[in-house]
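One structure below.
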Amino acid sequence: MSEVKKFLYVNRRAPYGTIYAWESLEVILIGAAFDQDVTLAFVDDGVFQLVKDHDTAGIGMKNFTPTYGALGDYDINKIYVEKESLEARGLTIDDLQHLIWEDEDEDWAEKDSIKVVTSSELAKLMGQQDVVLSF
Amino acid sequence: MSEVKKFLYVNRRAPYGTIYAWESLEVILIGAAFDQDVTLAFVDDGVFQLVKDHDTAGIGMKNFTPTYGALGDYDINKIYVEKESLEARGLTIDDLQHLIWEDEDEDWAEKDSIKVVTSSELAKLMGQQDVVLSF
Amino acid sequence: MKLSIQVNEGPYQHQASDSAFQFTKAAIEAGHDIFRVFFYHDGVNNGTRYTTPPQDDRHVVNNWSELSAAHDLDLVICVAAAQRRGLVDEGEAERNGKDGNNIAPGFRISGLGQLIEAGIQSDRLVVFGD
Amino acid sequence: MKLSIQVNEGPYQHQASDSAFQFTKAAIEAGHDIFRVFFYHDGVNNGTRYTTPPQDDRHVVNNWSELSAAHDLDLVICVAAAQRRGLVDEGEAERNGKDGNNIAPGFRISGLGQLIEAGIQSDRLVVFGD
Amino acid sequence: MTMLHTVNKSPFEKDSLTSCLRLSEDGSTILLIEDAIYAALEGTTISDSIKEALKTKKVFALQEDINARGVKNKVIDGIEQVDYAGFVKLVTEHDTVQSWV
Amino acid sequence: MTMLHTVNKSPFEKDSLTSCLRLSEDGSTILLIEDAIYAALEGTTISDSIKEALKTKKVFALQEDINARGVKNKVIDGIEQVDYAGFVKLVTEHDTVQSWV
């Protein structure tokens, strides 16, 4: 496929209460094989997906969130978290998993994948996409 | 069955966007055959269920709301609508269907089924129920 | 005490069925009687034997079937909701001209009256939904 | 113009599938090409032939099947979502040891790559959901 | 690049309209469908935020969903009603569609 | 008559907690399960309304759902955590259960 499109995955739901977060991750991983320009946005309750140290034993469901740590290996490293969503929920970036990727162009230096951005920065970024998948 | 229980049906969702309103009505009609003490509450977007003059031809779905008009025939005449929910949505009782029942004890006089009540009146009423079914 | 449970959402999409299952299990362990578990709305989809979830995940349908077998649970699927959503047993398949059925072991299809009866006969009814 | 549509909710419980159907029909009437309709999450339940809705209501599943037959629509059900929810065709039934299948005419089961491909190949992708 | 945002949930029940208003750029277009058409009504607790949005964005509402819900006489001036054919047209006239499901 | 109210949706996403707080009587009990446990967190835009509710109502939150979501160190003082066995006990100790689904 010659054309490269900008794909945005918008994650707005909390994990476990509904399956959207997990099935969104499944699309993202499959989509990574298509060599498109992929961006992830976590807004509203979607920011709860990235919170550390889930322990799902008591609810009998699988903890799928370690998979976020593998996104860097799939060259998915543009991950935006909305500042206003974090703040409304009493969270800071330190509450979230530390997601990294290795930059081939800089001798595989480890870099942060998550950027915290304001609503208006995120709105601008959303406005530049070709395909928006919402979960 | 000798025991009579107080059944409350709480309707909180708009019609058509989801099926809860319609399937709630199906339970209410079946339940009417069981000779229990039945009360209906319409709160939040549930008040939109009672709005008059639905025309569903364009969305290809059935307009089930004329059935509310038959509730009186099933001896379901305690229908409470929350005042605060109406007001927040710019509605008054005149926007709603005029639901009536005929009082056997007063020579089948026609009476209004819907009463508009405040949040605190409704809270008290909810607190007196034996079984609460939520839709 | 005699308890009944209502489940309004199908497997996996919502946590409702999982929560209802964990609650039911805990109620049984505490020595309570489960009068009935009633599946309504999309909840009827909990009763299909055609699911094959990922191997490392729980099997929502089998969880219910196995709990039913172990404790003689009455798992009732609402017929009207089931017809809309494509959940059929042998009788429903015959009545509606379907060439097969997909109901899972331990479940049965019946009318909405079973929900009202559960409300009347049980000391408590607990609803799990979206 | 080439359009694709994604449907995330099953029949009847949510309006999503109805809205997607009306939109698809209107797009065809306006002369656009429908590259694909992709059914994901509970949307896979739109593809069961076991539904029997009330006679005076629309038949959500048949609506899709008939639109597909009339306009050669590609109706794709996500296999991973379908396995969780019990939607199977002949091949899936055999692979997962099921004794039958419930897929409706016009639908096919395939992978998530079909959704990504729809995003790449289509001029627009429109999502309908909860 | 022009964006069409669709919203389908009641603004009284869910946060999707609020998020759409916060995260859509000036000059973009919002289409209210399904239960989101209740956001188009005059005299509600939501009306002011929609009127504010109308200053910088275009807002449409799906006629079929408005008629189904019996509220066609209550729609705010400045919100244009479109039918499904108009919905399709809006999709093709904008570069990208974002559904706030 | 004593009432147990259960809420299962995130207060940031849906209106069910707000409605439960408005329509439950003083002295009643609220149990937060599933995504509603996010209402039990300290430092959010919801925290104040829950703290206000704690003055007249008892508020519980389901431990299993809190742990699943990785927020056990953020729960507001005064909200008691119960496990599923405790959920069952709350149901039996109250006369009626109302689920704000």
Side-chain angles (χ1 to χ4, degrees), chain C residues 7-14 16-18 39-62 64-65 77-105 107 109 129-130, chain D residues 7-14 16-18 39-62 64-65 77-105 107 109 129-130:
Chain C
V7 183
N8 291 344
E9 294 290 337
Y12 301 104
Q13 183 106 338
H14 295 268
S17 181
D18 293 283
F39 297 87
Y40 197 36
H41 305 301
D42 270 4
V44 302
N45 291 325
N46 287 291
T48 172
R49 69 172 180 276
Y50 282 175
T51 49
T52 311
Q55 299 224 337
D56 56 350
D57 197 11
R58 84 281 189 202
H59 196 308
V60 176
V61 177
N62 287 0
W64 283 115
S65 289
I77 291 171
C78 169
V79 61
Q83 285 176 344
R84 285 194 177 97
R85 292 163 180 87
L87 202 289
V88 291
D89 62 9
E90 252 181 59
E92 276 293 297
E94 201 174 315
R95 264 186 296 282
N96 299 306
K98 303 299 178 187
D99 58 5
N101 71 77
N102 57 347
I103 196 167
F107 290 85
I109 294 180
D130 179 22
Chain D
V7 183
N8 291 343
E9 294 291 336
Y12 300 103
Q13 183 107 339
H14 296 268
S17 181
D18 292 283
F39 296 87
Y40 196 37
H41 305 300
D42 269 4
V44 302
N45 291 325
N46 287 291
T48 172
R49 69 171 179 277
Y50 282 175
T51 48
T52 310
Q55 298 223 337
D56 57 351
D57 197 11
R58 84 281 189 202
H59 196 308
V60 177
V61 176
N62 287 1
W64 283 115
S65 289
I77 291 172
C78 169
V79 60
Q83 286 177 342
R84 285 193 176 99
R85 291 161 180 89
L87 201 290
V88 291
D89 61 9
E90 253 182 57
E92 276 293 299
E94 199 175 318
R95 265 186 296 283
N96 299 307
K98 304 299 177 186
D99 57 6
N101 71 77
N102 57 346
I103 195 167
F107 290 85
I109 295 180
D130 180 22

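Each chain gets a letter, A, B and so on, in the order the sequences are listed, and its residues count up from 1.
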Nearest-0.5 Å distance, CZ of residue C:R84 to NE2 of residue D:H59
12.0 Å

Is chain D contacted by the side chain of C:R49, its backbone, both, or neither, given a heavy-atom distance below 4.5 Å?
both

Can a donor-acceptor pair be found, under 3.5 Å and without considering hydrogens, that links the side chain of D:K98 to the backbone of C:T52?
no

Which one of D:N102, D:N45, D:N46, D:T48 has the most heavy-atom pairs closer than 4.5 Å to chain C?
D:N102

I'd like to know which of C:N101, C:V60, C:L87 tops the heavy-atom pair count under 4.5 Å against chain D.
C:N101

Heavy-atom proximity to chain C below 4.5 Å, by part of D:D130
side chain

Measuring from C:T51:OG1 to D:R85:CZ, what's the distance to the nearest 0.5 Å?
11.0 Å

Among C:A104, C:G100, C:P53, which has the most heavy-atom pairs under 4.5 Å with chain D?
C:G100

State whether the side chain of D:Q13 and the backbone N or O of C:D42 hold a donor-acceptor pair below 3.5 Å, judged by distance alone.
yes

